[in-house]
2 protein chains.
Amino acid sequence: MTILRTPLADGSARGIPDATVARLPVYLRALNALAEQGVATCSSNDLAENAGVNPAKLRKDLSYLGSYGTRGVGYDVEYLRYQIAREIGQTQDWDVVIVGVGNLGSALSAYQGFSTRGIRVAALVDADPKRVGTTISGITVSSLDDLTAIVEERAISIGIIATPGEAAQEVADRLVAAGVTSILNFAPALVQVPDGVDVRKVDLSIELQILAYHEQRKAGKEATA
Amino acid sequence: MTILRTPLADGSARGIPDATVARLPVYLRALNALAEQGVATCSSNDLAENAGVNPAKLRKDLSYLGSYGTRGVGYDVEYLRYQIAREIGQTQDWDVVIVGVGNLGSALSAYQGFSTRGIRVAALVDADPKRVGTTISGITVSSLDDLTAIVEERAISIGIIATPGEAAQEVADRLVAAGVTSILNFAPALVQVPDGVDVRKVDLSIELQILAYHEQRKAGKEATA
DNA sequence: AAGAGTTTGTGAACGCGTTAACAAAATCGT
DNA sequence: ACGATTTTGTTAACGCGTTCACAAACTCTT
């Protein structure tokens, strides 16, 4: 008995590899760009170039969704766009709550890129009483104590942690207790969550530290040349 | 002829795998936390738990740097901390320039987490004349046209793109022309750069779209249960 | 000093993701 | 109608990263 790619109980979903899932939004964006240019059909080469990936990889990724292309012709932009959007759940809007409205949280709540990708910032929450009641990007900031009520009322399943690192675990615990099952963590700290809850981490410092490492290598290389 | 892990011309650097490089800052953060708690020595188990990784993976990662532990004892926190910091170039500060001081750029320029990790925001640049001359987080915003002068004067090698997607390629071209060789791209767009320039991409929408995909699967699963 | 207990460093197996390569299937030109 | 051409979908090989498992090396107790 070998179980492949965490199949669903209902057997309908085919179990798409994580690496592929991470690229589907990229393809979707590329398809939207092509559609705006009035392109009706594209080959895997065209789309792959727009998405910045290897064409073979693109075709393999799409093959996990189904057989939506036509040999000798390519892909219908509009049709493929819809199929990917459906697969990643972008036919509906997803409400998210942002916890922590400091500089980063405020910037995220104003971020233009979310709305066009099916993400709607539905609520802002902060632990600081001085921030509660203020309005940011048209949304009134609520107290962290009201998190559960907000999450339940608006049926929110995705939370964003934009607090300092020290508060991250406490906030994560509260989000999970309130019923959130997916968390995007911007705080520079590890958060532990129970099984069934997904956490993705975006660490701004680490991205720059990785670049700094490569810069150092480049500098060392030319010093000995 | 097989070349392993992009060895350096001088032969000094051992060529650390990318996946390992990406984790070194995580280890460094965990070590700093331990040092603050007054811990002098730790085992790979201790450190791995603090960093959220498998102990075997941690040991293998560290083995690429050298043999800095003692069998039967563990790692000296302070010593290992220094060795990792040196390896990833954190014994010096890295000046970065942020291009685009909208919501996100402003938040990044105020981000507390950078300074403690050897990242210094040295300059802010924007194409909008209305923003040029204003002061954000104590830094006066310069014109995009002055980018080359700024980069040269301050010897900046790392640039951050925090503009709308449409401007990203243009900004990337200017950064590269100015002499920047590492770019962190927050814009929702692909940027093309010449060989020798590193680009890392952080896409806020995509992170949430990936979570949304998993949410959809969870929802579908229970619907048929 | 020797055995029991720890913990590192690493060789080897395994699994996932990427890429090349090609057969299958469509269109196009004559 | 049929051969040439295009392009997909997929299989197979390859490479990288992860993890297990264990010998080597150290400490501690007696």
Side-chain angles (χ1 to χ4, degrees), chain A residues 1-7 14-27 30-31 34 39-77 79-81 83-84 87 210, chain B residues 1-7 14-27 30-31 34 39-77 79-81 83-84 87 210:
Chain A
M1 183 184 90
T2 44
I3 296 185
L4 297 171
R5 307 206 181 293
T6 61
R14 297 140 298 282
I16 300 174
D18 289 344
T20 296
V21 170
R23 281 187 296 266
L24 290 180
V26 178
Y27 302 154
L31 284 168
L34 288 173
V39 177
T41 291
C42 68
S43 69
S44 61
N45 273 357
D46 299 337
L47 186 52
E49 191 168 347
N50 270 271
V53 302
N54 182 300
K57 192 193 294 191
L58 169 67
R59 289 200 300 276
K60 191 153 194 60
D61 283 343
L62 294 184
S63 76
Y64 291 115
L65 309 190
S67 205
Y68 296 140
T70 309
R71 296 175 193 225
V73 178
Y75 300 94
D76 182 282
V77 171
Y79 181 61
L80 184 58
R81 203 196 64 74
Q83 291 298 341
I84 295 179
E87 187 70 41
I210 293 170
Chain B
M1 184 183 89
T2 44
I3 296 184
L4 297 172
R5 308 209 178 291
T6 62
R14 297 139 301 280
I16 301 174
D18 289 344
T20 297
V21 169
R23 282 187 295 265
L24 290 179
V26 178
Y27 302 153
L31 284 168
L34 289 173
V39 177
T41 291
C42 68
S43 69
S44 61
N45 273 356
D46 298 338
L47 186 52
E49 191 169 346
N50 271 271
V53 301
N54 180 301
K57 192 194 291 191
L58 168 68
R59 289 200 301 275
K60 197 156 199 57
D61 283 342
L62 294 183
S63 76
Y64 291 115
L65 310 190
S67 206
Y68 296 139
T70 309
R71 295 176 194 223
V73 179
Y75 300 94
D76 181 283
V77 171
Y79 181 60
L80 184 59
R81 204 197 63 76
Q83 292 298 342
I84 295 180
E87 188 72 39
I210 293 170

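Numbers restart at 1 for each chain; the letters A, B, ... are given by sequence-line order, proteins then strands.
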* Can you tell me how far the CG atom of Asn45(B) sits from the CZ atom of Arg59(B), to the nearest 0.5 Å? ->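 Going from the CG atom of Asn45(B) to the CZ atom of Arg59(B) covers 7.0 Å.
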* Identify whether any heavy atom of Ala56(B) sits under 4.0 Å from a base atom; if not, whether one sits that close to sugar-phosphate; answer base, sugar-phosphate or nothing. => base
Per [X] side chain, nearest of listed nucleotides [options]:
X        : options                 : answer
Arg59(B) : dA12(D), dG9(D), dG9(C) : dG9(C)
Ser43(A) : dT8(C), dT18(D), dT7(D) : dT7(D)
Lys60(B) : dT7(C), dG9(C), dA12(C) : dA12(C)

Below 4.0 angstrom from OP1 or OP2 of [N], is there any side-chain N or O of [X]?
X        : N       : value
Tyr75(A) : dT6(D)  : no
Ser44(A) : dT7(D)  : no
Thr70(A) : dA26(C) : no

* To do: Ignoring hydrogens and angles, answer whether the base of dT8(C) and the side-chain atoms of Arg71(B) contain a donor-acceptor pair closer than 3.5 Å.
  => yes
[X] [atom1] to [N] [atom2], straight-line distance once rounded to whole Å:
X        : N       : atom1 : atom2 : answer
Asp61(B) : dT10(C) : CG    : P     : 13 Å
Leu62(B) : dT19(D) : CG    : P     : 15 Å
Lys57(B) : dT7(C)  : NZ    : P     : 22 Å
Leu58(B) : dT7(C)  : CG    : P     : 14 Å
Asn54(A) : dA21(C) : CG    : P     : 12 Å
Asp46(B) : dT6(C)  : CG    : P     : 14 Å
Tyr64(B) : dC16(D) : OH    : P     : 11 Å
Tyr79(A) : dT8(D)  : OH    : P     : 15 Å

* Minimal non-hydrogen separation, Ser43(A) against Tyr75(A), with atom names -> C-CD1, 4.4 Å
* Asked: Do you know which two heavy atoms are closest between Tyr27(A) and Leu47(A), and how far apart they sit?
  ->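 Shortest heavy-atom separation between Tyr27(A) and Leu47(A) comes out as O-CD1, 4.3 Å.
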* Structure fact -> Exactly one of Leu58(B), Asp61(B), Val53(B) clears side chain to side chain contact (heavy atoms under 4.5 Å, CB included) with Ser44(B), and that residue is Leu58(B)
* Asked: Does any non-hydrogen side-chain atom of Thr41(B) lie less than 4.5 Å from one of Thr70(B)?
  ->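 Side chain of Thr70(B) against side chain of Thr41(B), heavy atoms only: no contact under 4.5 Å found.
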